[in-house]
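Below: the structure, in structure tokens.
Owing to the predicted nature of the structure, the values given are computational and were not obtained by experimental measurement.
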Amino acid sequence: MKNWAGNLEYSAASVARPGSVSELAELVASAERVKALGSRHCFNDVADTSGVQVVLDRLPSDVEVDSSRRVARVAGGLTYGDLGLALEAQGWALHNMASLPHISVAGAVQTGTHGSGIASPSLASAVKAVEFVRASGEVERLEEADGDEFFGSVVGLGALGIVTALELKVEPTYQVRQQVFEGLPWDTVLADYDAVAGDGYSVSLFTDYAGEFVPQAWRKVRVDAEPGPAPSSFHGGSPATVARHPLPDMDALNCTQQLDLPGPWLDRLPHFRHEFTPSAGDELQTEYLLPRSQAAGALQAVRGLAGKLAPLLFVSEVRTIAADEFWLSPSYRQDSVALHFTWRPLQADVEAFLPELEAALAPYAARPHWGKLFTVTTPELERLFPRFADFRDLVAKRDPEGKFRNAYLDRILA
């Protein structure tokens, strides 16, 4: 098996698809090495194993909403697209979604994945309880009230157990309008990035860092907060008159509805439509999150590398994420700006360039996204994530024999 991008071939000795949690528990208890695999939308070996690769797509996938508590119990292997359809059918919604709805809930949460919005924290922030199969085969549940261990486990890189189910905070369904603007002056963006990023429920900038203008800004607003009319400009940018893809030469057919047409949250908050399953993409990805207060300096630093980025880069997306409390979340206790890079499939060249990019962002304390390509080393991770040593201790406590360890965890936990 390979990952979504095709740049990684998994090294598992066998693959198992248990049909129940009890079957999964027996499998985990008897395995020497085991790892769960979600939608395979990671670009590194975070989910790889030399032992048994567990795929959770045969576990029951019902979505149960407790309307009195405003939480939904969902299977870890469910995709956000399928979850969104189930919630919408019952009149409920999530606070946000990532750009791609095809990723699994457990995989996204365990790696600290996010959407965009200056007041919107990561997808993990919706988690109120999580259920694991531990190394012993026991099934355990952690709730927010459990404190430290909960906050150390929700973004856990698969190191603490296999996530079978989660309880997510939900809210009544709502509608969103999406509009793309073109040609924002860089001077305007850099002069007051917060004003640009905060002018909407979710704002994403797409750029190659060259020239004097940001090619696209995707602005999403909740209809209940801003019923209309649509703005005629956005911080110097003009509204697109036809639907756009983040890559200027690509057809927008698989992108979510734009042109300010209202629609359900699940059909607007992602950039791409759930009904169009993406093929194995000819791309690689990297992302770094840093304090939003440092956005202008970091963006200028990357602009200084535009010439070196040009042969490697398809496009970069700039988003915002509100702070959360999860130990390994890249937005742990900081309101963040995320610089996301979608690379051409030139892995050797990209990996050779990453140290230079990371050096340019080092003054801004840039934390890597755990599921993307990065070269940040353990000593730097210990500096960037204040609870990193605590997480290492938690892994040693919960998995003393290293059943869930793999080459990735061996590298970063050292």
Side-chain angles (χ1 to χ4, degrees), residues 2-7 38-43 57 77-89 93-94 96-105 107-108 111 113-117 123 175-182 200-208 214-221 230 237 239-287 313-319 338 340-345 369 371-372:
K2 292 188 176 182
N3 65 343
W4 182 84
N7 70 303
S39 57
R40 295 183 285 171
H41 197 264
C42 283
F43 296 81
D57 55 3
L78 197 65
T79 68
Y80 274 95
D82 288 337
L83 171 58
L85 290 171
L87 289 176
E88 178 66 13
L94 299 171
N96 211 339
M97 293 180 74
S99 60
L100 195 68
H102 306 82
I103 58 177
S104 69
V105 176
T111 55
T113 298
H114 57 88
S116 189
L123 300 180
Q175 292 213 324
V176 174
R177 298 160 39 219
Q178 178 173 222
Q179 195 172 13
V180 175
F181 294 86
E182 300 176 304
Y201 187 72
S202 168
V203 174
S204 293
L205 306 181
F206 288 96
T207 179
D208 61 3
V214 175
Q216 294 182 21
W218 289 40
R219 180 178 186 258
K220 306 169 195 271
V221 298
T241 56
V242 296
R244 295 298 191 195
H245 190 283
L247 296 177
D249 298 329
M250 294 288 290
D251 193 312
L253 178 66
N254 65 346
C255 296
T256 47
Q257 177 69 52
Q258 303 164 27
L259 302 176
D260 209 48
L261 183 67
W265 59 279
L266 70 158
D267 294 330
R268 297 294 184 276
L269 291 177
H271 298 330
F272 298 97
R273 298 185 184 190
H274 174 242
E275 60 266 32
F276 286 87
T277 302
S279 61
D282 292 331
E283 64 182 49
L284 303 169
Q285 292 183 11
T286 294
E287 187 173 43
L313 188 67
F314 276 131
V315 72
S316 177
E317 182 179 7
V318 183
R319 293 178 284 180
H340 184 281
F341 301 85
T342 300
W343 308 107
R344 299 178 187 276
H369 185 298
K372 317 289 186 182

Using modelled atom types and a 3.5 Å cut-off, is there a donor and acceptor pairing between side-chain atoms of [X] and backbone atoms of [Y]?
X	Y	value
Ser316	His340	yes
Asn96	Ser116	yes
Asn3	Cys42	yes
His102	Phe276	yes
Glu287	Lys372	no
Arg273	Cys255	yes
Lys220	Arg268	yes

Heavy atoms only: give me the nearest [X]-[Y] pair and the separation to one decimal.
X	Y	result
Arg319	Gly115	CD-O, 3.8 Å
Leu284	Arg344	CD1-O, 3.8 Å
Asp260	Ala230	OD2-CB, 2.9 Å
Leu123	Met97	CD2-CA, 4.0 Å
Ala98	Ile103	CB-CD1, 3.8 Å
Ala217	Leu205	CB-CD2, 3.6 Å

I want to check something: taking the side chain as every heavy atom from C-beta on, are [X] and [Y] in contact at a cut-off of under 4.5 Å?
X	Y	result
His369	Gln285	no
Leu313	Trp343	yes
Pro246	Phe314	no
His271	Phe206	yes
His274	Asp82	yes
Tyr80	Thr113	no
Thr207	Pro215	yes
Thr256	Gln178	yes

### Task
Could you verify whether a donor N or O on one side chain and an acceptor N or O on the other, from Ser39 and Trp4, lie under 3.5 Å apart?
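Checked: Ser39/Trp4 side chains show no N/O donor-acceptor pair below 3.5 Å.
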
### Query
Would you call the rings of His41 and Phe43 parallel, tilted or perpendicular, where under 30° means parallel and over 60° means perpendicular?
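Plane angle over 60°, so perpendicular.
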
### Message
Please report the interatomic distance CG(Leu247) to OG1(Thr342), rounded to the nearest 0.5 Å.
### Response
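Rounded to the nearest 0.5 Å, the CG-OG1 separation comes to 7.5 Å.
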
### From CG (Leu94) to CG (Leu83), nearest 0.5 Å
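Answer rounded to 0.5 Å: 5.0 Å.
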
### Query
So His245 and Asn254, side chain to side chain contact (heavy atoms under 4.5 Å, CB included) or not? Walk me through it.
CA-CA 8 Å; His245 190 283; Asn254 65 346; 3.7 Å; yes

### Message
Could you walk me through whether Glu317 and Ser99 satisfy the side-chain hydrogen bond (donor to acceptor under 3.5 Å, both in side chains) test, starting with their C-alpha distance in whole Å, then the side-chain angles of each, then the deciding distance to 0.1 Å, before giving a yes or no?
### Response
CA-CA 10 Å; Glu317 182 179 7; Ser99 60; 4.7 Å; no

### Which residues share a salt bridge (charged side-chain N to carboxylate O under 4.0 Å, His left out) with Asp208, sequence neighbours left out
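Residues passing salt bridge (charged side-chain N to carboxylate O under 4.0 Å, His left out) with Asp208: none at all.
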
